[in-house]
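Residue numbering restarts at 1 for every chain, and letters A, B, ... go by the order of the sequence lines.
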Amino acid sequence: MSPYFKYILGKLKWYVLIFFAALFLNFFLPRLIPGNPISALVAQMAGGGASSDVLNKLYNSYIHEFGLDHPWYVQFIDYVVKVFHGDLGTSFSLYPTKVNTILAQALPWTIALQVPSILLGWILGNILGALAAYKKGKFDGTLFPITLFVSSIPYFCFAIILLYLFGVILNILPIGGGYSMALTPTFSIVFLTDALKHYLLPFLSLLLVIIGGQAIGMREMSIYELNTDYVRYAKLLGVSDKKIIRYVFKNAMLPQITGLSISLGTMVGGALITEIVFSYPGIGTWLFNAIRQQDYPLIQGGTLVITISVLLANFLIDIVYGIVDPRIRASQLEE
Amino acid sequence: MKKLVAEVENLKAYYKVKGRILKAVDGVSLGLRDGEVLGIAGESGCGKSTLAMSLSGLFLPPLKYYGGKIKLKDIEISKMDRKLLRKNVLGKKISFIPQSAMNALNPTLKIRNFVIDVLKEHEPELSEEEIIDRVEERFDSLSLSKRVINSYPFELSGGMKQRVITVISTLMNPEILLADEPTSALDVSSQHQIIKLIKTLLERRIVKSVVFITHELPLLRHIADRIAIMYAGQIVERGTTSQIIFSPLHPYTKMLMSSIITPEKGMKGKELPVVSGSPPNLYEIVAGCRFAERCPYVTEECKINEIKFHKIGDREVRCLHPLTERNGINAAK
Amino acid sequence: MELLRSLIKSRKFLIGTSIFLALLLTSLIFPLVNSSDPLEMVGLLYEPPSAEHVLGTDNFGRDVLIEFIYGMKTSIFVGLVAGLIATLIGTTIGVIAGYVGRLTDNILNSTTNLFLVIPSFVILILLSSSLKSRSLLFLAIIIGITSWPWTARAVRAQTSSLRTREHINMAKLNGMNNFEIMLSEILPYVSSYIFMAFVLQVASGILSEAGLSMLGLGPSDVVSLGTMLSWALLYEAVRTGAWWAFFPPTIGISLITFSLLYMNTGMDEIFNPRLRGE
């Protein structure tokens with residue numbers, strides 16, 4: 001078995017374990033809090049003055065759908081089986097729409113917003129950070145506090161500022177949504193340009209903050225690498241600065257890849273809230289609505305989809321890392 | 001006397017850190033002859049590693065060139081344009097073996113690719129195959145396994161890494177090899193291998209001369225032809241190996257020798273020689289002899305003016321009270 | 001003491017600390033001299049800034065300046081409590097994992113990595129969305145117990161590098177038990193890292209609270225910078241141009257975070273001299 005394959009297999013086992021832990025948390029945590037969300041919900045829905053007969057029926061049907069009449073482990077197994085069948089339950093607020101349907105509609109928007117902004121932000125941030133470390137002096141001295149300040153502005157605050165600036169004051173970009181109300185999603189030029197206009201602000205607000213955060217990390221790593229013995233030795237053998245920068249860049253980027261996998265959860269969280277600011281039709285906005293309407297199946301479906309996406313992204317990052325860092329493969333050989 | 005390959009005149013290289021100046025190399029003059037190993041010994045912090053770096057003509061910040069000459073036959077490299085220096089001198093005419101082989105190679109680059117990068121820098125017309133052929137041949141001739149070329153640095157042991165570095169540094173047959181404590185991090189058998197390797201390189205005229213820097217003066221007995229003792233940024237004594245080791249003139253040289261109780265057996269090269277007192281602060285250099293504070297023979301006149309070199313026979317020493325009588329050397333001889 | 005002296009020399013640490021302390025003191029002292037209730041409606045909806053209400057009023061007609069100062073107090077409180085809890089749990093787990101090693105380390109480290117990969121805001125949403133009303137302390141506690149893995153990771157790395165040091169062997173020979181060693185031979189050596197991690201945890205706690213509030217899961221009994229933003233957004237302050245309703249909390253959160261990060265950078269440069277690049 002090749003060491004790389006062995007490495008991937010080990011990672012795969014690990015992520016399957018995490019996946020089950022996540023399923024368990026997703027199932028168990030809401031039940032940890034005392035109080036019965038179902039009765040609260042039924043009471044709320046019945047606020048319109050339905051007869052107690054209807055109320056009882058509603059209550060029982062929910063109890064049954066949730067399987068609340070079984071012990072918790074039966075409920076859990078039931079839940080896992082359902083998840084594996086791709087069934088995330090029925091939404092309360094949009095009854096009888098399936099949670100799957102809602103999330104399937106929302107997910108492409110979220111992916112389209114987050115994947116490019118995180119990837120591009122990571123790449124640009126790394127380039128900028130390496131440059132800042134390499135150029136030192138003024139560039140580094142003035143750029144650093146500014147970058148740090150920009151990256152300490154939370155995603156959603158930055159989003160609000162951009163929205164106000166470009167959407168309200170300058171009035172050159174739409175102030176929310178994924179596309180204009182008058183249009184229906186099709187693959188036409190009109191729709192795509194419209195969607196692009198709506199995309200620009202949320203995308204930029206994520207991109208800039210991610211660039212800032214990544215640049216800071218990369219700057220530190222690059223400064224460290226620039227002072228290593230191998231850089232000095234290569235210089236003394238007459239290797240050109242261009243090549244040395246390539247060495248430094250690659251080696252400083254390796255911890256940045258691990259860093260990305262660790263901070264991915266936070267980034268995704270921030271991005272979801274950014275969606276709310278722009279009423280972008282992705283998972284974040286749906287989650288916000290679900291929370292306001294106490295639509296538990298939708299909340300839990302949303303959190304599960306988010307967790308699975310983050311796990312998947314992390315797994316991909318690990319695969320890439322195994323390819324770029326030769327030491328990973330070697331450590332598998334030793335075992 | 002053999003002809004000179006390099007001549008250093010009054011070289012000054014200082015560190016500039018936060019507006020303060022540390023005079024690490026403060027007026028060093030040396031001559032390097034064809035076919036010889038020049039040993040430079042001194043405690044840590046005496047400026048010997050900085051001297052090794054400076055001799056390459058490359059002053060990496062915060063180190064700065066402050067004056068003097070480094071002449072290589074007829075080219076003067078101390079003020080040379082960095083691009084030219086890199087292309088024509090570094091690695092090609094003057095090469096370097098660093099102290100810590102452990103981290104001297106890029107951990108994510110195969111030896112093979114590093115070698116290609118180094119050689120292409122100097123001879124861009126070479127193809128990768130030609131380079132690898134040449135490297136394999138060199139590894140073979142020095143009885144190093146060719147397999148190593150396709151390894152990553154972390155796959156090699158410390159001793160192997162140091163040998164690989166030595167071979168890489170001398171691939172382009174440099175005239176001068178600067179070796180900065182090449183053995184200090186190694187176990188005894190690896191130390192011997194490195195010394196043997198350096199001797200072989202000299203015998204085969206792959207390198208013309210070697211500057212061997214160490215804090216372990218007795219080690220130089222096995223490899224150096226001549227020795228210079230460095231203290232506080234200056235050379236304080238020069239002579240042949242047997243002169244320095246068996247009849248030191250400078251009290252500091254004697255201290256360096258006698259501080260090691262068992263010079264050979266059991267010396268793993270891991271313990272620093274313990275010399276009583278500590279070297280002076282190179283930020284603020286005192287008037288007079290720099291060694292005065294620690295010298296057992298110090299007199300008032302030592303503390304007035306800077307001490308110049310005194311010629312004693314064919315030897316030179318920066319001391320007003322050299323240990324001549326005590327060693328039975330007749331100054332007139 | 002020496003640590004303190006070197007910290008004071010760092011410009012970054014001083015600037016960061018001063019900004020943070022200034023904000024903290026303002027939020028603590030102001031309520032002592034001005035007894036207005038931040039939740040009291042004193043005007044109409046979205047009144048622009050005037051002499052009477054320096055930062056105007058919000059969507060409920062409440063004074064934004066007073067809300068802002070109370071909100072800052074709330075946010076810093078959440079950050080400090082959450083940071084403290086996270087640091088306590090993280091340090092305990094990190095030191096034990098790093099010092100004891102072997103199976104214990106394996107188990108604790110895997111648990112840490114597990115919670116690093118599962119996004120903590122997901123856990124926060126699941127926990128807090130089940131409650132109809134959430135107290136500030138509840139939020140601070142759950143934020144604290146979901147963010148410890150970062151600290152555990154950093155402390156574990158530092159501890160395991162200490163494990164084989166001479167002074168620890170000496171302590172063992174002198175008959176100290178593991179608990180005593182961890183307390184007296186390890187903690188003091190990792191304390192600077194723990195403090196740095198704490199500062200970061202405070203910042204991330206404040207951000208978590210703001211994020212939760214934006215999702216509609218903020219504290220239901222008090223004003224925080226996050227709930228201010230959430231209201232401003234929900235009641236269209238941005239789209240109607242009522243900048244005074246969302247600028248102060250935006251700047252407040254950013255400034256607090258910035259001051260803490262700057263503090264951390266200053267400390268990092270002192271404790272990890274290699275970063276200074278000299």
Side-chain angles (χ1 to χ4, degrees), chain A residues 14-15 17-18 21-22 25-26 29-33 35 37 40 133 136 145 148-149 151-154 156-157 160-161 163-164 167-169 175-176 216 220 223-224 226-227 261-262 264-266 268-270 272-273 276-277 284 287-288 291-292 294 296 299-300 302-303 306-307 310-311 314, chain C residues 12 15 110 113-132 150 153 203-204 206-208 210-211 214-217 229-230 232-234 237-241 243 246-247 249-251 253-262 265 268 272 274-278:
Chain A
W14 166 241
Y15 280 104
L17 179 80
I18 303 182
L25 286 175
N26 217 53
L29 285 180
R31 286 163 176 78
L32 197 68
I33 308 290
K136 284 271 186 143
L148 188 70
F149 187 73
S151 71
S152 24
I153 303 175
F156 42 92
C157 290
I160 289 176
I161 295 171
L163 176 63
Y164 181 62
V168 179
I169 293 201
I175 51 169
I216 288 169
E220 282 181 11
I223 289 178
Y224 172 73
L226 277 169
N227 288 308
S261 96
I262 291 173
L264 200 66
T266 320
V268 170
L272 290 174
I273 296 168
I276 302 173
V277 174
L287 207 54
F288 176 65
I291 287 168
R292 286 185 62 207
Q294 298 190 300
Y296 295 104
I299 296 176
Q300 283 185 52
T303 51
I306 295 163
T307 312
V310 171
L311 290 185
N314 264 315
Chain C
K12 285 175 183 156
I15 293 176
S110 301
N113 285 336
L114 190 119
F115 282 104
L116 271 175
V117 182
I118 297 177
S120 62
F121 73 92
V122 161
I123 299 178
L124 286 176
I125 291 174
L126 289 172
L127 275 175
S128 51
S129 63
S130 325
L131 276 185
K132 267 210 133 163
W150 293 86
R153 200 177 121 103
S204 93
I206 290 171
L207 291 182
S208 292
M214 291 287 285
L215 278 167
L217 295 171
L229 269 181
S230 166
L233 208 66
L234 207 55
V238 185
R239 294 182 176 94
T240 53
W243 54 267
F246 60 86
F247 259 136
T250 302
I251 290 169
I253 295 176
S254 309
L255 209 57
I256 298 174
T257 324
F258 173 72
S259 68
L260 291 165
L261 288 186
Y262 217 44
T265 312
D268 208 17
N272 301 322
R274 60 182 169 82
L275 284 182
R276 271 176 290 186
E278 274 166 12

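Of the inter-residue distances, the one linking Trp14(A) atom CH2 with Ser110(C) atom OG reads 5.0 Å to the nearest 0.5 angstrom. Atom CG of Leu233(C) is separated from atom CZ of Phe288(A) by 7.0 Å, given to the nearest 0.5 angstrom. Here the CG-CD distance, from Asp268(C) to Glu220(A), works out to 5.0 Å after rounding to the nearest 0.5 Å. Atom CD1 of Ile276(A) and atom CG of Leu229(C) lie 11.5 Å apart (nearest 0.5 Å).
When heavy atoms are compared at a cutoff of 4.5 Å, Phe156(A) approaches chain C solely by way of its side chain, counted from C-beta outward. Of the two parts of Ala237(C), neither the backbone nor the side chain holds a non-hydrogen atom closer than 4.5 Å to a non-hydrogen atom of chain A. With a threshold of 4.5 angstrom between heavy atoms, Ile153(A) approaches chain C through its backbone and through its side chain. The contact between Tyr262(C) and chain A is made by backbone and side chain atoms together, counting heavy-atom distances below 4.5 Å. Looking at Ile169(A), neither its backbone nor its side chain comes within 4.5 Å of chain C, counting heavy atoms on both sides. With a 4.5 angstrom heavy-atom cutoff, Leu226(A) does not touch chain C via any of its atoms. Heavy atoms closer than 4.5 Å to chain A are found nowhere in Ser230(C), neither backbone nor side chain. Looking at Ser261(A), there are no atoms closer than 4.5 Å to chain C (heavy atoms on both sides), in backbone or side chain.
Between Gly216(C) and Ile291(A), the shortest heavy-atom distance links the atoms O-CG2, 4.1 Å. A pairwise comparison of heavy atoms in Gly265(A) and Pro119(C) identifies CA-CB, 4.1 Å as the closest pair. Listed here is the closest heavy atom pair of Leu25(A) and Phe115(C): CD1-CE2, 3.9 Å. Taking every heavy atom of both residues into account, Arg239(C) and Leu163(A) meet most closely at NH2-CD2, 4.4 Å. The nearest pair of heavy atoms linking Ile253(C) to Cys157(A) is CD1-SG, 4.3 Å.
Taking Ala203(C) as the reference, Thr257(C), Leu260(C) meet the side chain to side chain contact (heavy atoms under 4.5 Å, CB included) condition, with sequence neighbours excluded. Residues that satisfy the side chain to side chain donor-acceptor pair (under 3.5 Å) test with Asn26(A), not counting sequence neighbours, are Tyr79(A), Thr303(A).
Of the listed residues (Gly269(A), Ala22(A), Gly284(A)), the greatest number of heavy-atom pairs within a distance under 4.5 Å of chain C belongs to Gly269(A). The most heavy-atom pairs under 4.5 Å with chain A, out of Leu261(C), Leu116(C), Ile15(C), come from Leu261(C). Between chain C and the residues Ile306(A), Thr266(A), Ile160(A), the most heavy-atom pairs under 4.5 angstrom are made by Ile160(A). The most heavy-atom pairs under 4.5 Å with chain A, out of Thr250(C), Ile256(C), Leu255(C), come from Thr250(C). Counting heavy-atom pairs closer than 4.5 Å to chain C, the top residue among Ile262(A), Val310(A), Thr307(A), Ile273(A) is Ile262(A).
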Using the rule given for side chain to side chain contact (heavy atoms under 4.5 Å, CB included), can you reason through Phe246(C) versus Ile161(A), listing the C-alpha separation, both sets of side-chain angles and the distance that settles it, and then say yes or no? CA-CA 9 Å; Phe246(C) 60 86; Ile161(A) 295 171; 5.9 Å; no
